[in-house]
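Computed from heavy atoms alone, side chains included, the values below leave out hydrogens, waters and symmetry copies.
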Amino acid sequence: MIEIRNITKSFGSLQVLKGIDLDIAKGEVVSIVGPSGAGKTTLLQIIGTLDRPDTGSVCVDSVDTTTLSQKQLSDFRNRHLGFVFQFHQLLPEFTAIENIMIPAYIAGRSNKDAKNRAEELLQFMGLTDRAHHKPAELSGGEKQRVAVARALVNNPAVILADEPSGSLDTKNKQELHQLFFDLRDQFGQTFVIVTHDEELATLTDRTIHMRDGLLVQQSPILTEEPLIC
């Protein structure tokens, strides 16, 4: 599903990633942990095509994203990747269901198709009765679940999450963590989660440890099938 080979990335004289090799199998829920400055978010952004590596290759869902043009990257990102951030990033002027539908509109899907998918996700999230509420009328946990639904609306192969529970209280944090596994079981997505939350990291299928731009420890991949880009 995801193959990373010899990824390096520098910002000026600071080398943030120093040669990353990583395989992630379809349907895995993987956490990336490490101290601040380890390069976790930079790696996640490169996997998500939000930034380009200086060297190396990144294959996601059998596509080498390092060979794509900016226009091709935008289309690939919209159709194959979903993003969840620490702060929900919902548009305040739109309702929950409208926020969820936005990526579907960008992908060129019909209003009927986008609405049906958004309603399906709202039901799965237990938010049907909040569909027409704007973000200011939702709790923190509800807003983050809407953000997760938005990430899923185009049925992406991979969900990338950067500190997704960092702004939530304990109850909402636990519910969000369980939601990731429920979604994987229901829809088959692969999850890559950058987190400082030890509880979440221990729940994931694999934990990848980073320090100073390198992978220093990772548990074995859950499949022996070859990953082919």
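With values rounded to the nearest 0.5 angstrom, Asn155 atom CG is found 8.0 Å from Leu121 atom CG. One finds the CD atom of Glu142 at 10.0 Å from the CD atom of Glu175 (value rounded to the nearest 0.5 Å). Atoms NZ and CG, on Lys9 and Asp54 in that order, are 5.0 Å from each other to the nearest 0.5 Å.
Counting non-hydrogen atoms of other residues, nucleotides and ligands closer than 6.0 Å to CD of Glu198 gives a total of 12 or fewer. Around the CG atom of Asn6, the shell of radius 6.0 Å holds more than 12 heavy atoms that belong to other residues, nucleotides or ligands. Counting heavy-atom neighbours within 6.0 Å of Arg211 CZ, excluding the residue itself, gives a total of 12 or less.
With hydrogens and angles left out, the side-chain atoms of Thr207 and Ser31 include a donor and acceptor closer than 3.5 Å. Neither side chain, Arg5 nor Ser57, offers a donor N or O lying under 3.5 Å from an acceptor on the other. Side chains of Gln45 and Thr42: no donor on one and acceptor on the other come within 3.5 Å.
Identified under the ring pair (Phe, Tyr, Trp, His ring centres under 6.0 Å) test for residues 59-78, with sequence neighbours left out: Phe76-His80. For residues 91-103, the pairs satisfying side chain to side chain donor-acceptor pair (under 3.5 Å) are Thr95-Glu98, with sequence neighbours left out.
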Full working for salt bridge (charged side-chain N to carboxylate O under 4.0 Å, His left out) between Asp75 and Lys71: CA-CA 6 Å; Asp75 183 66; Lys71 185 178 185 304; over 6 Å; no
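Taking a cutoff of 4.0 Å between a charged side-chain nitrogen and a carboxylate oxygen, Asp205 and Arg184 qualify as a salt bridge. Salt bridge absent: Lys18 and Asp212 never bring a charged side-chain N and a carboxylate O closer than 4.0 Å. With respect to the salt-bridge test (charged N to carboxylate O, under 4.0 angstrom), the residues Arg117 and Glu120 qualify.
Connection of Phe181 to Ile159 is established within a shared hydrophobic cluster, with ILVMFWY side chains joined at heavy-atom distances below 4.5 Å, either directly or through further cluster members.
By the 4.5 Å heavy-atom criterion applied to side chains, Leu152 and Gln189 are counted as neighbours. With a 4.5 Å cut-off on side-chain heavy atoms, Glu3 and Val60 do not count as touching.
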